[in-house]
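Model, not experiment: these values are computed from the prediction.
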Amino acid sequence: YLGAALRLVHGAVPYRDFVVVHPPGIVVLMAPLAALGSVFGSDTSLALARDLTALVAAANVVLAALAVRHRGVRAAVVAAAGLACFPMAPAADSTLLLEPYLVFFCLLGLVLMFHQGRLAPPRRVLLGGMAIGMAGSVKIWAGLIAASLAVVCLKRIRSALVPFLAGCTVGLGAVCLPFLALAPGAFVRDVLIDQFNRVSTGSAVLSFAKRVWVVSGFPALTLPAAVWLAGAAAACFTVMAAASLLLHRRDLLPADVAVVLCCGAAIAAMWVPNDVYAHYVYFPAAFVVLVVGVCTGLRPQPRPGPGLRRRRAAAAAVLLAVAAFSLTEQAGYAERNLTAARSGAVLNLFVPPHTCVVTDDAVVTVAADLFDRQPAHCPKMVDAFGTWLAEGPAHEPPTASIGRTPFTGPYVGPFPAAFVNRWGRWLSQADWVVQVAKTSSYIPWTPQLRAWFSRDFELVTGSSELWVYKHVRRTPPPVAP
């Protein structure tokens, strides 16, 4: 995502000049940091982007409290603590990913649209719709949240529904329309068609048990016990929340209904993709904690006494345990970031600046401050995985992900001829090729392309984290028929 912003500030337009398989919101948001990278280096931009993401995640905790503040201090504290200590939050907020920004704008929209649990005046509803539109410019999952909030606005069409939809249109259009106008076909292909194809023809589909395991926030634990634990936790939450909401259904305010609908929509979004990654879970978690907060606020205040003190002590113990688990997860994801930094440092030992580098993982060259310091003839490709989705075979590239056996490769196709020839041209333009996995499964390695690469490139260094090849011969790449 930062690489796309670096390309943008240097004049290359997403969708028109390179593939981005998400809406352009994150690219626009990161453009100021990318501009700083032009002066201080892309490694500095990456550090600032990670810091900003952590601050956004902290702001989400505050917004979660504000979204349920109409149910009292206890509800606000429960929602805020739940999101702050959610064990898989580090999967989303330890580096630059979409989910913290998606949640930020969704929660901001909720806070703006409601006042004391009821729909706010039209101007605030308009601003809330603009925030939801901005969320849609970050990730298309926000469309489910927009639909849920539109249902709540149906009772007040003129003063709520119309301003809300107008705000969504303005927020989404202000970010997306310029890119749509510059490359309408590529924009629709990358943002909509490629995502639909990824769902309908994806090669890797998680089983129901493993999906529950990931979505419940326990992927750090091992199967099969974790599946039962995750299923039990999900079942308990559903039963207890449903019972509380039904028991107090006459006391529910429009904001409560909105929170419940958004929670259901966010959880449903986890069953749309064929594959689910750990950072996806931050999105439904943000709304699950809101439901818990609402249910907590609906319950009568407990009477003081020994029983209350024991319950509070037990709750504090559970909170501390979850926080400790969250810290261990944070340490694990921080180690992954350090791995990328180490790879960038190693890369600087071999690859000089202002040379053309082609890579299957842009974060390595961004961390080494090599990504945007390249000759004009160098390929503008940013995302090898997304490029496969847009131009390669009609399924995801073979890759390791949570809950499945790692791919051992190489994948032999078949590949579209145009896709193979494009990669052949990119590799022929490269002075250096950097891969985070030997024989990257994101590259269409036909036998002819592999043989040509072996003749023209020499391995400079190779390890489990980084493989660096130097272009030593300049023969034309093979042309796929």
Side-chain angles (χ1 to χ4, degrees), residues 3-4 7 12-21 183 185-186 189-190 194 197 203 347 350-352 354-366 370-399 407-462 466-481:
R7 292 277 189 252
V13 179
Y15 315 107
R16 187 191 69 183
D17 299 324
F18 57 90
V19 171
V20 177
V21 290
R189 180 201 65 188
D190 291 358
D194 292 342
N197 288 338
S203 58
L347 196 58
F350 298 96
V351 180
H354 306 293
T355 55
C356 182
V357 182
V358 172
T359 180
D360 63 342
D361 191 354
V363 68
V364 178
T365 51
V366 170
L370 294 172
F371 182 82
D372 58 337
R373 299 181 185 275
Q374 299 182 350
H377 70 271
C378 199
K380 298 298 186 289
M381 189 266 296
V382 172
D383 180 10
F385 180 85
T387 302
W388 178 297
L389 294 179
E391 303 178 6
H395 52 72
E396 293 184 21
T399 184
F407 175 75
T408 55
Y411 180 63
V412 295
F415 303 105
F419 185 51
V420 176
N421 292 335
R422 181 182 291 266
W423 263 105
R425 184 170 65 254
W426 287 342
L427 294 172
S428 68
Q429 294 170 340
D431 300 313
W432 301 84
V433 172
V434 178
Q435 302 177 38
V436 295
K438 187 178 183 180
T439 317
S440 171
S441 60
Y442 296 167
I443 300 175
W445 293 115
T446 62
Q448 295 81 8
L449 186 62
R450 184 187 304 278
W452 169 81
F453 186 83
S454 299
R455 291 193 306 269
D456 277 31
F457 286 83
E458 179 182 276
L459 179 64
V460 175
T461 183
L466 194 68
W467 298 80
V468 181
Y469 297 86
K470 184 178 181 180
H471 205 157
V472 294
R473 297 180 59 190
R474 295 283 179 176
T475 61
V479 178

TODO: Please examine the side chains of V20 and D383, heavy atoms only from C-beta on, and report whether any two atoms are closer than 4.5 Å.
DONE: no
- [ ] Over all heavy atoms of both residues, which pair between D190 and A390 is shortest? Give the atoms and the distance, please.
- [x] OD1-CB, 3.8 Å
- [ ] Measure the CD1-CZ distance between I443 and R450 for me, rounded to the nearest 0.5 Å.
- [x] 10.0 Å
- [ ] Might you point out which heavy atoms bring E458 and V472 nearest each other, and give the distance in Å?
- [x] CB-CG1, 3.8 Å
Open item on the list: If I take atom NZ from residue K380 and atom CZ from residue R16, how far apart are they, to the nearest 0.5 angstrom?
Closed with: 11.0 Å
- [ ] Return the minimal non-hydrogen interatomic distance between C378 and V357, and the atom names on each side.
- [x] SG-N, 3.7 Å
TODO: Enter the distance from F415:CZ to N421:CG here, rounded to the nearest 0.5 Å.
DONE: 13.0 Å
Open item on the list: Within the 4.5 Å heavy-atom criterion, are P476 and W452 side-chain neighbours or not?
Closed with: no
Task: Min side-chain heavy-atom separation L347-W432 under 4.5 Å - done: no
- [ ] Evaluate the side-chain proximity of V433 to F453: yes if any heavy-atom separation is below 4.5 Å, no if none is.
- [x] yes
Open item on the list: Tell me whether D456 contacts the main-chain N or O of T475 through its side chain, where contact means a donor paired with an acceptor under 3.5 Å.
Closed with: yes
TODO: Might you point out which heavy atoms bring V382 and G3 nearest each other, and give the distance in Å?
DONE: CG1-C, 4.0 Å
Task: Closest heavy-atom pair and its distance - T387, W426 - done: CG2-CH2, 3.8 Å
Open item on the list: Strictly distance-based, threshold 3.5 Å: is any side-chain N or O of W445 a donor or acceptor partner for the main-chain N or O of S440?
Closed with: yes
- [ ] Taking atom NZ of K470 as the centre, report whether more than 12 heavy atoms of other residues, nucleotides or ligands fall under 6.0 Å from it.
- [x] no
- [ ] Enter the distance from L449:CG to L427:CG here, rounded to the nearest 0.5 Å.
- [x] 6.0 Å
Task: Atom of P379, atom of V358 and distance for their closest heavy-atom approach - done: CG-CG2, 4.1 Å
- [ ] Measure the shortest side-chain to side-chain distance between P416 and E391 over non-hydrogen atoms and say whether it is less than 4.5 angstrom.
- [x] no
Task: Pair W388 + F419: ring centers closer than 6.0 Å - done: yes
TODO: Could you tell me how the ring of H471 sits relative to the ring of F457: parallel (under 30°), tilted (30 to 60°) or perpendicular (over 60°)?
DONE: parallel
Open item on the list: I'd like to know if the side chain of T461 reaches the main chain of V468, judged simply by a donor and an acceptor atom lying under 3.5 Å from each other, with no hydrogens or angles considered.
Closed with: no
Open item on the list: Check whether F371 forms a cation-pi arrangement with R7 (NZ or CZ under 6.0 Å from the six-membered ring centre, at most 45° off the ring normal).
Closed with: yes
